[in-house]
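Basis for what follows: all heavy atoms, side chains included, without hydrogens, waters or symmetry-related copies.
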Amino acid sequence: MAIRFDNALGVHPQALRLRERRTELIAANLANADTPNYKARDLDFQSVLKGVQSPAVNLALTRPDHLAASTRPFGAELKYRVPSQASLDGNTVDSEQEQVRFAENALQYQVSLRFLDGKIADLKSAIKGE
């Protein structure tokens, strides 16, 4: 009987990739905190993850004039953050809030790693027959 790793590992590998992407976005926001007219960006992790968990739809191009499916990872659409208070130079980055989001995202990344580690340990145990 073959093991399907997509089913065995669940949503955790996708969650790690999304957390990694979100870390990059938040880091870019922090790096540009003093850049005039920079707009802070983020992705809505929950809505993207819900899209990953729904059954996949296979799309096929049946005619040459059809449009191809989106190539964004997991349908992740970057969104602009609405600042709580506008700055004079047009920058929407709130450094303190971004640092909180960065720390929260890093913690959730670690949690996803632990879940994935547990799943892998269970697979190893099943393979060994323990």
Side-chain angles (χ1 to χ4, degrees):
M1 180 174 167
I3 296 175
R4 289 202 42 145
F5 286 105
D6 293 341
N7 294 339
L9 299 178
V11 74
H12 302 297
Q14 293 91 348
L16 284 175
R17 285 193 294 260
L18 285 172
R19 292 277 174 218
E20 179 183 349
R21 177 67 177 131
R22 188 159 189 243
T23 299
E24 292 170 358
L25 290 170
I26 296 170
N29 290 345
L30 285 167
N32 288 292
D34 294 327
T35 304
N37 295 316
Y38 181 82
K39 306 300 182 212
R41 296 170 61 165
D42 201 355
L43 57 88
D44 184 5
F45 185 84
Q46 295 299 328
S47 66
V48 173
L49 200 57
K50 284 179 188 174
V52 169
Q53 291 174 333
S54 65
V57 176
N58 294 327
L59 301 177
L61 296 176
T62 56
R63 295 181 49 118
D65 55 341
H66 284 172
L67 298 175
S70 173
T71 58
R72 292 178 294 188
F74 313 111
E77 182 177 340
L78 297 181
K79 300 189 182 210
Y80 291 100
R81 199 179 311 276
V82 178
S84 57
Q85 183 171 346
S87 68
L88 296 175
D89 65 358
N91 187 307
T92 62
V93 177
D94 181 353
S95 295
E96 292 175 4
Q97 288 296 318
E98 294 296 328
Q99 289 173 356
V100 168
R101 288 183 184 101
F102 190 89
E104 178 183 298
N105 192 60
L107 181 64
Q108 291 170 341
Y109 186 88
Q110 290 293 325
V111 168
S112 291
L113 278 176
R114 288 191 185 239
F115 280 129
L116 193 55
D117 185 48
K119 294 278 190 181
I120 292 170
D122 290 345
L123 285 174
K124 285 167 113 178
S125 175
I127 291 170
K128 290 179 181 179
E130 296 175 350

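- Taken from OH in Tyr80 to NZ in Lys39, the straight-line distance is 9.5 Å, to the nearest 0.5 Å.
- Atom CD1 of Ile26 is separated from atom CD of Gln97 by 11.0 Å, given to the nearest 0.5 angstrom.
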Requested in this report: Start with the C-alpha gap between Glu98 and Arg101, add the side-chain angles, then the distance that decides, and say whether salt bridge (Lys or Arg N to Asp or Glu O under 4.0 Å) holds.
Outcome: CA-CA 5 Å; Glu98 294 296 328; Arg101 288 183 184 101; 3.7 Å; yes

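- Rounding to the nearest 0.5 Å places OG of Ser112 at 12.0 Å from CZ of Arg17.
- Hydrophobic clustering of Ile, Leu, Val, Met, Phe, Trp and Tyr side chains at less than 4.5 Å, counting indirect connections, unites Ile120 with Tyr109.
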Query raised in the report: Could you go step by step and tell me if Arg21 and Glu24 meet the salt bridge (Lys or Arg N to Asp or Glu O under 4.0 Å) rule?
Result: CA-CA 5 Å; Arg21 177 67 177 131; Glu24 292 170 358; 3.4 Å; yes

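- A distance-only check finds a donor-acceptor pair linking the side chain of Thr23 to the backbone of Arg19 [under 3.5 Å].
- Side-chain N or O atoms of Thr92 include one that pairs as donor or acceptor with a backbone N or O of Ala40 at under 3.5 Å.
- Electrostatic pairing of Arg22 and Asp42 counts as a salt bridge here, judged by a charged N lying under 4.0 Å from a carboxylate O.
- Between Ala33 and Asn91, the shortest heavy-atom contact is O-ND2, 3.1 Å.
- Taken from OG in Ser87 to CG in Asp34, the straight-line distance is 10.0 Å, to the nearest 0.5 Å.
- In plain terms, the two heavy atoms of Leu25 and Leu43 that are nearest each other are CD1-CD2, 3.9 Å.
- Residue Phe115 qualifies as open at atom CZ: its count of foreign heavy atoms under 6.0 Å is 12 or below.
- Minimum heavy-atom separation, Leu9 to Pro13: O-CD, 3.8 Å.
- Across Asn29 and Arg81, no two heavy atoms sit closer than the pair ND2-NH2, 3.9 Å.
- A 4.5 Å side-chain heavy-atom check between Leu113 and Leu16 finds at least one atom pair inside the cut-off.
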